[in-house]
Enquirer: 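Below are the structure tokens for one structure; questions will follow.
Sequential numbering from 1 along the given sequence is applied to the chain's residues. Counting starts at 1 for both ligands and their atoms, following the listed order.
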Amino acid sequence: MEKLSNLASVFWTVWGLHARSGVGTERAARTSASAFVFRRSGCVDDAVNYKAAFRSAVDQVRNEGRYRVFADLKRRCGDFPRATWTRPDGGETDVVVWCSNDYLGQGQNPVVIQAMHEAIDALGAGSGGTRNISGTTRYHVELEAELADLHAKSAALLFTSGYVANEGALATLGKILPGLVIFSDALNHASMIAGIRNSGCARHVFRHNDLEHLEALLKAAPAKAPKLIAFESVYSMDGDVADIAGVVTLAKAYGAMTYLDEVHAVGLYGLRGGGVAERDGVMAEVDIIEGTLGKAFGVMGGYIAAEAEIVDAIRSYASGFIFTTSLPPALAAGAIASVSWLKVHHEVRIAHQARAAALKHRFAEAGLPALESSTHIVPVMVGDPVRCKMVSDMLLTDHGVYVQPINYPTVPRGTERLRFTPTPFHTDAMIHHLVEAMDHLWARCNVARRPAAA
Ligand code: PLP
């Protein structure tokens, strides 16, 4: 009996699922932990009712109106940012994609595509193993040199994604520097949170972009302990930017290293696309820069760039680097083409910012509540998960506009939004069509507006 009743009170602790499932933030990771811990009487004839537990986990997400449905899209090469959407009834509709992180359309740049074709014809499909065994090709070596040059560091190290780069590098720093204390911005990405957690280090979360709070925490930490400040340059959900120079100044004052995620900035800011740190003239002051090849560079993969000693140590200890098959050579070749092309095409970055400014201006004219970001990311606040999904669904089905709803835990509850990422390829006509559709749906779905700008 006692055994049975023990079994009957199985605890299902699934809160970790969400932290790995989206952007997630330090804040979300903490506030949702309790919400996701639930109890089930999962005992059926001495066996655990696994199915019921999985269904219950999904029901919880569904009941909160944030069950994710993926749109079945086929991008059309050469027709960026248009795509074909396969509807649930199997029919097809033309749509304009307004939420891609292929921020500059590099995924369809002929230079990138040609480089990938050539590499696949020359070397075949996969890399053949981990870097250690047989997965280092000429392309991997050249790409690391290209990335080190982009960030004016002496070395760079490739990972299979930006997520893996953050998780691998941060977890490893904790192992290389015993007693390391990590200071983490409250809105850091899920991959940084995972890395920091796996590092096993003491962790202090500072209020988002709040340098006074960061300084108070640095001051309170043991003076002799090694320290690391982990933060992002462009925060992808609000589109706001860190004061990198301010963080660097504090880091120097308190003897800390800096780790900067430039995932939403590489390729996009700075004269050669080195990111916000390049634009702000502080790239040399940041110890470790982390980036992705999957967003503005239009391909896939992640990396860190730093001085050779740091890179070599992470290369030698990071599980997420050592024990996984390396990127296919064709991806590395495409990334080399993309990074080197963007270094010398600053006009694309200027056009990108101009499109973002045009969209923000039109939203403001229409009284649509866009956040006042200074970047290419244009979030429009809905403030309710059900309405947010409704507007997003209607934009897709009735207006041929694809933009995903952004809900908790990616953003805090009550700040649900649509996140637009205009590219240099979004025309005036596309902007006009979008704003008309939004204006109509805002009225139809009764979403709050802001007074129209003069
Ligand atoms: N860092 C930040 C801030 C991100 O937003 C993301 C992904 O969206 C990542 C890291 C992970 O990059 P990747 O998509 O290359 O895995």
Side-chain angles (χ1 to χ4, degrees), residues 18-29 68 70 99-104 106-107 143 147 150-151 156-171 184-198 205 208-209 229-242 244 247 258-269 273 275-277 286 288-305 318 320-321 324-328 331-332 334-335 338-339 373 375-377 379 404 406-407 409-411 417 419-421:
H18 95 278
R20 295 168 183 85
S21 70
V23 169
T25 60
E26 287 280 10
R27 185 164 61 203
R68 293 175 190 217
F70 301 143
C99 56
S100 175
N101 283 344
D102 186 354
Y103 292 127
L104 302 176
Q106 284 292 93
L143 177 54
L147 293 166
L150 177 68
H151 296 290
L157 187 68
L158 281 173
F159 291 81
T160 45
S161 73
Y163 188 104
V164 177
N166 271 336
E167 198 283 329
L170 285 163
S184 174
D185 186 285
L187 293 191
N188 274 344
H189 187 257
S191 53
M192 298 171 83
I193 300 169
I196 293 167
R197 282 208 177 121
N198 291 346
V205 178
H208 175 53
N209 274 347
I229 305 171
F231 64 122
E232 299 180 21
S233 57
V234 174
Y235 286 85
S236 66
M237 290 302 137
D238 289 352
D240 58 336
V241 180
I244 303 175
V247 173
T258 44
Y259 182 103
L260 177 63
D261 175 319
E262 289 252 38
V263 158
H264 293 277
V266 288
L268 304 173
Y269 296 89
V276 178
V286 177
I288 302 173
I289 294 176
E290 185 269 348
T292 184
L293 304 166
K295 302 192 193 293
F297 293 128
V299 196
M300 189 188 174
Y303 65 91
I304 55 161
F321 171 79
T324 189
T325 300
S326 65
L327 288 174
L331 281 183
S338 187
V339 173
S373 80
T375 61
H376 59 286
I377 293 166
Q404 263 293 346
I406 309 279
N407 290 340
T410 306
V411 293
R417 65 197 68 182
R419 172 185 178 270
F420 296 89
T421 54

Enquirer: Counting each atom of ligand 1 from 1 as listed, which ones have a heavy atom of T292 under 4.0 Å away?
Expert: 13 (P), 15 (O)
Enquirer: Check each atom of ligand 1 against the heavy atoms of S191 and keep those under 4.0 Å away; list them by number with element.
Expert: 10 (C)
Enquirer: Take I377 and Y235 through the test side chain to side chain contact (heavy atoms under 4.5 Å, CB included) and record every step on the way to the result.
Expert: CA-CA 9 Å; I377 293 166; Y235 286 85; over 6 Å; no
Enquirer: Report the part of M192 (side chain from C-beta onward, or backbone N, CA, C, O) that has a heavy atom under 4.0 Å from ligand 1; answer both or neither where that applies.
Expert: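 Near ligand 1, M192 shows nothing, with every heavy atom at 4.0 Å or more.
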Enquirer: Walk me through whether Y103 and T421 qualify under side chain to side chain contact (heavy atoms under 4.5 Å, CB included).
Expert: CA-CA 7 Å; Y103 292 127; T421 54; 3.6 Å; yes
Enquirer: Taking 4.0 Å as the limit for heavy-atom contacts, which would you say applies to E232 with ligand 1: side chain only, backbone only, both, or neither?
Expert: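 Under 4.0 Å from ligand 1, E232 contributes side-chain atoms alone.
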Enquirer: So which bit of L293 gets within less than 4.0 Å of ligand 1, heavy atoms only: side chain, backbone, both or neither?
Expert: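 The answer is neither.
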Enquirer: Under 3.5 Å, N or O to N or O, is N101 touching ligand 1 that way?
Expert: no
Enquirer: Do the rings of F321 and F159 sit parallel, tilted or perpendicular, given the 30° and 60° boundaries?
Expert: perpendicular
Enquirer: Should you measure from each heavy atom of N166, which atoms of ligand 1 turn up under 4.0 Å away?
Expert: 1 (N), 10 (C)
Enquirer: Assess the residue pair H189 and V263 against the criterion (side chain to side chain contact (heavy atoms under 4.5 Å, CB included)); give the C-alpha distance rounded to whole Å, side-chain angles, the decisive distance to 0.1 Å, and a yes or no.
Expert: CA-CA 10 Å; H189 187 257; V263 158; over 6 Å; no
Enquirer: Which option wins on minimum heavy-atom distance to atom 11 (C) of ligand 1: Y235, F297, Y163, Y303?
Expert: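 Considering heavy atoms of Y235, F297, Y163, Y303, the nearest to atom 11 (C) of ligand 1 sits in Y163.
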Enquirer: Would a distance-only check, ignoring hydrogens and angles, find a side-chain to backbone donor-acceptor pair under 3.5 Å from N101 to G294?
Expert: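 Answer holds: no.
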Enquirer: Taking G239's backbone N and O only, do any of them form a donor-acceptor pair with T375's side chain (distance below 3.5 Å, no angle check)?
Expert: yes
Enquirer: Taking it one step at a time, do D240 and H208 satisfy side-chain hydrogen bond (donor to acceptor under 3.5 Å, both in side chains)?
Expert: CA-CA 10 Å; D240 58 336; H208 175 53; 2.6 Å; yes
Enquirer: Do V263 and ligand 1 have an N or O pair less than 3.5 Å apart?
Expert: no
Enquirer: Do any heavy atoms of E290 fall under 4.0 Å from ligand 1?
Expert: no
